[in-house]
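The next block holds one structure in the form of structure tokens; read it before the comments.
Computed from a predicted model, the values in this text were never measured in an experiment. Computed from heavy atoms alone, side chains included, the values below leave out hydrogens, waters and symmetry copies.
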Amino acid sequence: MFPNVSVYFRGGYQRCKSSAGDAFKMALCAVAACQLAESVLGHANPVFAAIAALLTLQFSGDWRTRRALEVAAGCTLGMAASVLLTSILGNGPAPALFIVFLAILVARFLNKGAVFTSQMAIQAALVAMIPSPPGSSLHTILDASVGVPSLG
């Protein structure tokens with residue numbers, strides 16, 4: 001049992017060592033995107049800018065430009081669809097279930113990418129399940145869009 005633990009910790013150490021540069025870049029871009037959305041766009045708590053930057057730069061073998069486009073398009077379409085549908089259907093568990101389900105199916109129809117589908121579903125879920133003040137959806141969409149170009 002102990003040799004496996006030793007191998008596990010050694011592997012983890014090697015991953016951390018080889019990923020330190022990318023980890024710093026991810027952290028820097030997330031904070032920079034948030035600061036940009038706050039200082040340039042004037043948005044309070046633009047957390048979606050940081051989230052979009054982190055999702056775009058995540059550890060993966062995918063081509064980053066394509067992933068950036070999938071994140072941006074998925075965020076924008078997921079939020080826009082959810083804003084539209086919540087204005088018609090309202091908030092609550094039943095509308096949220098329908099909105100997220102529909103977002104996943106529309107994403108799968110439009111693009112086979114898992115990142116695109118995940119983004120549409122996540123953004124649709126956030127908009128449908130978290131009450132937000134009127135007019136804040138546009139800020140959220142802009143914040144997410146700021147996070148993607150901050151790739152550094």
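- In the hydrophobic cluster analysis, where Ile, Leu, Val, Met, Phe, Trp and Tyr join through side-chain heavy atoms closer than 4.5 angstrom, F109 is grouped together with I99.
- With sequence neighbours excluded, no residue forms a side chain to side chain contact (heavy atoms under 4.5 Å, CB included) with A81.
- For P46 against A37, the heavy-atom pair with the smallest separation is CB-CB, 3.5 Å.
- Checking side-chain atoms of S82 against main-chain N and O of G78 turns up no donor-acceptor pair under 3.5 Å.
- Inter-residue side-chain proximity for M120 and T117 is flagged as unmet; no heavy-atom pair is nearer than 4.5 Å.
- At a threshold of 4.5 Å between non-hydrogen side-chain atoms, the residues M79 and Q123 count as touching.
- Remark: the backbone N or O of L84 is paired with a side-chain donor or acceptor of S87 at under 3.5 angstrom.
- Applying the side chain to side chain contact (heavy atoms under 4.5 Å, CB included) criterion to L110, with sequence neighbours excluded, gives L77, V106, F116.
- L89 and V127 are assigned to two separate hydrophobic clusters, defined by single-linkage of ILVMFWY side chains at heavy-atom distances under 4.5 Å.
- Between atom SG of residue C29 and atom CZ of residue F24 there is a gap of 9.5 Å, rounded to the nearest 0.5 Å.
- Taking a 4.5 Å side-chain heavy-atom cut-off between Ile, Leu, Val, Met, Phe, Trp and Tyr, the cluster of Y13 contains only that residue.
- Among all heavy-atom pairs drawn from Q119 and C75, the shortest one is OE1-SG, 3.0 Å.
- The other members of the hydrophobic cluster of I104, by chain and number, are V100 (side-chain heavy atoms under 4.5 Å, ILVMFWY only).
- Using a distance-only test at 3.5 Å, with no hydrogens or angles considered, no donor-acceptor pair links the side chain of T76 to the main chain of A73.
- Counting side-chain heavy-atom gaps under 4.5 Å among Ile, Leu, Val, Met, Phe, Trp and Tyr, M129 is found in no cluster with other residues.
- Applying the side chain to side chain contact (heavy atoms under 4.5 Å, CB included) test to K112 and every residue at least two apart in sequence or in another chain returns nothing.
- Annotation for F101: hydrophobic cluster partners, listed by chain and number, are L105 (ILVMFWY side-chain heavy atoms under 4.5 Å, direct or chained).
- For the atom pair NZ of K25 and OG of S19, the computed distance is 13.0 Å after rounding to the nearest 0.5 Å.
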